[in-house]
Novice: 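Quick one: this structure, given as structure tokens, is what I'll be asking you about.
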Amino acid sequence: MEASNNIRSDKEIKDLVEKWKGVEGNLIMILHTIQDEYGYIPRHVSFELQKLLDIPLARIYEVITFYNYFKLEPPGKHKISLCMGTACYLKGGVDILGELKSILHIEPGQTTKDGLFTIELVRCLGCCGLSPVMMIDGKIYGKLSQEKIPEILTHYIEAES
Amino acid sequence: MYRKTIFIKDTDSQGLDRTKEFYNKFLENLRSRNLQNDIQVARAADIGIYNQGIVLRVYGEDTIYVQLKETDIDNIISLTIEKNEIISSLQYKKKDKQLRRVLRNCGVINPDCIEDYLANGGYQGLYKVLTSLKPEEVIKELKISGLRGRGGGGFPTWMKWDFALKTESDQKYIICNGDEGDPGAYMDRSVLEGDPHSVIEGMIIAGYTIGASKGYFYIRAEYPLAIERIQNAIDQAYSKGLIGEKILNSGFNFDLSIRLGAGAFVCGEETALIASIEGKRGTPLPRPPYPSVKGLWSKPTVINNVETLANVAYIFIRGAKEFAKLGTETSKGTKVFALTGKVKNSGLIEVPMGTTLREIVFDVGGGVLDNKNIKAVQTGGPSGGVIPAQYLDTPVDYENLSKLGSIMGSGGMIVMDETDCMVDIAKFYLGFCVEESCGKCAPCRIGGSQMLDILTRISKGQAQNHDLETLSRISFAMQKASLCGLGQTAPNPVVSTLKHFLPEYKEHTENKRCPAGKCLDLLSYKIIDEKCKRCGACVRICPVSAISGNREHGYSIDTQKCTKCGQCISVCKFKAISKE
């Protein structure tokens, strides 16, 4: 699955780990560093970490899989974070999700076949005044309605062709 | 250096910003008096006042003018700016109880600039503590203030610190809990982003008091700006000698660093949070021992919430008595709420403890959206409860909320109107906790999903009255037997809605009806023939061709085909489609 330019040399992984080496309880911070770099935590990196940190692979995976934030699959090119916080839920977040699902044919947490979009449900984007809200690549789209969704997505799809 | 700073904002919500002309005229006038280098004018993003036309605020003073016209500019400059005279005819009459203590610096100072914080009296509390107070005296002062934890439980802060102080150990820790995970709440984020130094000041004071030489910020990874600002603030505090060795020439050493959360609600629980900082899965441990005795790496640890620590800084800058002037008998000071949901002005608010829910929703929040009827207010997020409208005059404090079956929580406050179904709300919150349960203890893991199953059946009209009894029984078991706060409080939204809205549950179970019109499985759409003008708009918009008929004989909806998407209702100009 991994594109070849994403595979780093062992040396580079070592560099990423360096800052946290020897710090107590460093595993989560190291995983953050890795994910910032790759967008997810590739399996070969976990294997590398096991050697570098001298901890069992199971320990690394039990932590990765416990926390929602860490991903084991590479994300799509555009990340759609749809807010399911209480305010957005009350104001129709579920309808927005339905629209996204019917257009993109994926469930939350999945990536479209063309690798263009990933839908992710988030708890709160901290702008409840604009609810319902979604964020695509850091850009906030507020006061959404079902009708607005196709237009927003088209914008990203057209930029591709 | 500017003598004065003026903020201007167009607060009418039509989306039309008229400040540009006003701003230009204002600058022109200043220039004509050669004041342009003395007075700074800025167009503000938000002044916290709405629907008051063009508003002007003189920074650092309480002067706020509203409903301004260009003809007022000359007067404002010649009287208020040049002579410090207040023009009372323009002054904003405050209608609500909002006041800013915790948020005092947010949006006012530059959060990336320690000098701004220092100029506003920042770190003077720390100075006072380090130069003139013994740890026991700090705790005494904190006891006078009456400060209680702002993260959820409302445990007296002085007591937590006192336990840790009295536990002997070679190493102790302070942790700031910034893992705000309650959906619909973002108080901590605003403080971390808007006033990072006040939280740091609170942490250093806490460290000195209990004898901790190390502190950790635990912040959600989803808050990148907060992380950046806190890191920057830490670096600045180090360079000014406010963190590090021999702080302010005292013998006290304190180091501070950041650890990131990774999206686990349970990590708001103290023992789970500690496990996470230790680099492990965030599963809780039985308490006692409490973290103040045995916490991070088995050393005494105090964990305080962001807002609590910002309050600590305030208390030692302004004095405990000043702090305790506001509030009720048992709950002192102010509380920040994220007021959201079906309310006209949603946003962060800060009010004195003891303000009533009605004052919050109607005076501060401007009332219910679309002027619908208010049904309930939810506080405390997934661990809290729903307070029905008849209790709106209850003054908000820790005890009153818990008497009503809710909690103060971290400060989420969600307004619900008559179209919100309480079964649906209970299902939403419980679903959240079920997803976030760490799975370690059976009551939470199994109880939660069993309850969710029953609630789902209720919302589909497949449940009986005895299921409601089962809900209560499982709730009780979870509250008593779960290992940590998440499991113990997860049933609260169910318990409180059952208590206050039992008839609504029974409508679902007995009559298979959802009075609020929310539970899709219990609704069917119908065309009201008398109202229908036979325009055919609904036929054209229906995505599944469930509406058939013609202009002559009228239209009807095939309930088998209908997906209840609601598009026909939104397109019908004659309100001729009903859902029940």
Side-chain angles (χ1 to χ4, degrees), chain A residues 20 23-33 35-36 41 53 55 58-71 81 83-95 98-99 102 108 120-133 135 138 142-143 145-147, chain B residues 180-186 189-190 193 220-224 257-267 275-283 296-297 338-343 345-347 369 378 381-382 412 414-417 419-420 424-425 428-429 432 435-436 438 543 565-567 570:
Chain A
W20 292 100
V23 178
E24 274 179 302
N26 56 9
L27 181 55
I28 290 175
M29 294 309 283
I30 289 173
L31 293 175
H32 273 295
T33 313
Q35 183 154 308
D36 282 349
I41 299 171
L53 301 172
I55 49 175
R59 257 272 290 140
I60 298 173
Y61 266 77
E62 76 163 15
V63 169
I64 297 174
T65 53
F66 183 83
Y67 294 97
N68 289 327
Y69 192 80
F70 296 129
K71 306 285 174 227
S81 308
C83 184
M84 278 291 156
T86 319
C88 291
Y89 179 81
L90 285 179
K91 290 195 183 167
V94 179
D95 300 336
E99 189 67 21
S102 79
E120 199 184 59
L121 299 185
V122 294
R123 298 300 185 208
C124 188
L125 291 169
C127 42
C128 308
L130 296 174
S131 58
V133 173
M135 184 169 81
K143 307 216 164 178
S145 61
Q146 274 166 293
E147 297 82 62
Chain B
E180 185 171 53
D182 172 355
Y186 51 103
R189 170 185 184 165
S190 300
E193 288 179 2
R220 291 182 73 180
E222 290 90 338
Y223 287 174
S257 56
I258 298 179
R259 290 293 180 272
L260 302 184
F265 182 65
V266 68
C267 289
S276 183
I277 291 185
E278 290 174 349
K280 296 187 261 190
R281 285 166 76 95
T283 48
L296 188 60
W297 290 297
L339 182 64
T340 60
K342 307 284 178 64
V343 62
N345 308 324
S346 52
L369 209 60
Q378 206 277 350
I414 289 141
V415 178
M416 293 164 185
D417 68 23
T419 62
D420 291 316
D424 188 57
I425 296 297
F428 169 76
Y429 281 115
F432 178 87
E435 211 168 282
E436 292 295 336
C438 77
C565 69
Q567 290 194 45
S570 56

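So that the names make sense, note that chain A is the first sequence line, chain B the second, and so on, each numbered from 1. Atom set for the values below is all heavy atoms of this structure, side chains included, hydrogens, waters and symmetry mates excluded.
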Novice: Between B/Y429 and chain A, which part of the residue has a heavy atom less than 4.5 Å away: side chain, backbone, both or neither?
Specialist: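 Contact with chain A involves the side chain of B/Y429 alone.
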Novice: Where on B/S276 is there a heavy atom nearer than 4.5 Å to chain A: the side chain, the backbone, both, or neither?
Specialist: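 Contact with chain A is through both the backbone and side chain of B/S276.
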Novice: What residue in B/A338, B/S346, B/A262, B/G263 has the most heavy-atom pairs under 4.5 Å with chain A?
Specialist: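 Looking at each option in turn, the highest pair count goes to B/A262.
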Novice: Return the CD to OG1 distance between A/E62 and B/T283, rounded to the nearest 0.5 Å.
Specialist: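 The OG1 atom of B/T283 is 8.0 Å from CD of A/E62, to the nearest 0.5 Å.
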Novice: Between B/Y186, B/F265, B/F428, which residue shows the highest count of heavy-atom pairs closer than 4.5 Å to chain A?
Specialist: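 Option with the top pair count is B/F428.
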Novice: Working to the nearest 0.5 angstrom, can you tell me the gap between B/C267 SG and A/F66 CZ?
Specialist: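 If I round to the nearest 0.5 Å, the distance is 5.5 Å.
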Novice: Side chain, backbone, both or neither: which part of B/E435 has an atom under 4.5 Å from a heavy atom of chain A?
Specialist: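 Contact with chain A involves the side chain of B/E435 alone.
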Novice: Side chain, backbone, both or neither: which part of A/T65 has a heavy atom under 4.5 Å from chain B?
Specialist: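 Contact with chain B involves the side chain of A/T65 alone.
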Novice: At a heavy-atom distance under 4.5 Å, which candidate from B/D182, B/V415, B/T340 has the highest pair count against chain A?
Specialist: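 Top count of heavy-atom pairs under 4.5 Å with chain A: B/T340.
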Novice: If you count heavy-atom pairs under 4.5 Å with chain A, which of B/R281, B/E222, B/Q378 comes out on top?
Specialist: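 Ranked by heavy-atom pairs under 4.5 Å with chain A, first place is B/R281.
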Novice: Can you tell me how far apart CD1 (B/I277) and CD (A/E24) are? Round to the nearest 0.5 Å.
Specialist: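 Here the rounded value is 11.5 Å.
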Novice: Any side-chain to backbone donor/acceptor pair from A/Y67 onto B/G282? Under 3.5 Å, distance only.
Specialist: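 Judged by distance alone, yes, a pair lies under 3.5 Å.
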Novice: I need the residue from B/R259, B/K342, B/M416 with the largest number of non-hydrogen atom pairs under 4.5 Å to chain A.
Specialist: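 Sorted descending by pairs with chain A, the first entry is B/R259.
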Novice: Where is the tightest heavy-atom contact between B/A221 and A/H32, given as atom of each residue plus distance?
Specialist: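 Looking at all heavy atoms of both residues, the closest pair is CB-CE1, 3.3 Å.
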Novice: Which bit of A/V94 comes within less than 4.5 Å of chain B, counting heavy atoms only: side chain, backbone, both or neither?
Specialist: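 A/V94 has no heavy atom closer than 4.5 Å to chain B.
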Novice: What part of B/V266 gets closer than 4.5 Å to chain A, counting heavy atoms only: side chain, backbone, both or neither?
Specialist: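 Interface part for B/V266: side chain.
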Novice: Can you name the closest pair of heavy atoms from B/P183 and A/T86 and give their distance?
Specialist: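 Minimum heavy-atom contact is O-OG1, 3.0 Å.
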Novice: Picking from B/D424, B/I258, B/V343, which has the most non-hydrogen pairs under 4.5 angstrom with chain A?
Specialist: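 Sorted descending by pairs with chain A, the first entry is B/D424.
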Novice: Looking at CG of A/L90 and CG of B/D417, how far apart are the two atoms once the value is rounded to the nearest 0.5 Å?
Specialist: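 Those atoms lie 8.5 Å apart.
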Novice: State the CD-CD distance between A/E147 and B/Q567, to the nearest 0.5 angstrom.
Specialist: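 Here the interatomic distance stands at 6.0 Å.
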Novice: Tell me, side chain or backbone of B/A185 under 4.5 Å from chain A's heavy atoms, or both, or neither?
Specialist: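 For B/A185, the backbone is the part near chain A, not the side chain.
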Novice: As an exercise, state the distance from CD1 of A/I28 to NZ of B/K280, rounded to the nearest 0.5 Å.
Specialist: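 Here the rounded value is 10.0 Å.
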Novice: Answer with side chain, backbone, both or neither: which region of B/I414 has an atom nearer than 4.5 Å to a non-hydrogen atom of chain A?
Specialist: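 B/I414 touches chain A through side-chain heavy atoms alone.
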Novice: I want to check something: taking the side chain as every heavy atom from C-beta on, are A/N68 and B/E436 in contact at a cut-off of under 4.5 Å?
Specialist: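 A side-chain contact exists here, since the closest heavy-atom pair is under 4.5 Å.
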Novice: At a heavy-atom separation under 4.5 Å, does B/L339 approach chain A through its side chain, its backbone, both, or neither?
Specialist: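 It is neither, since no heavy atom gets under 4.5 Å.
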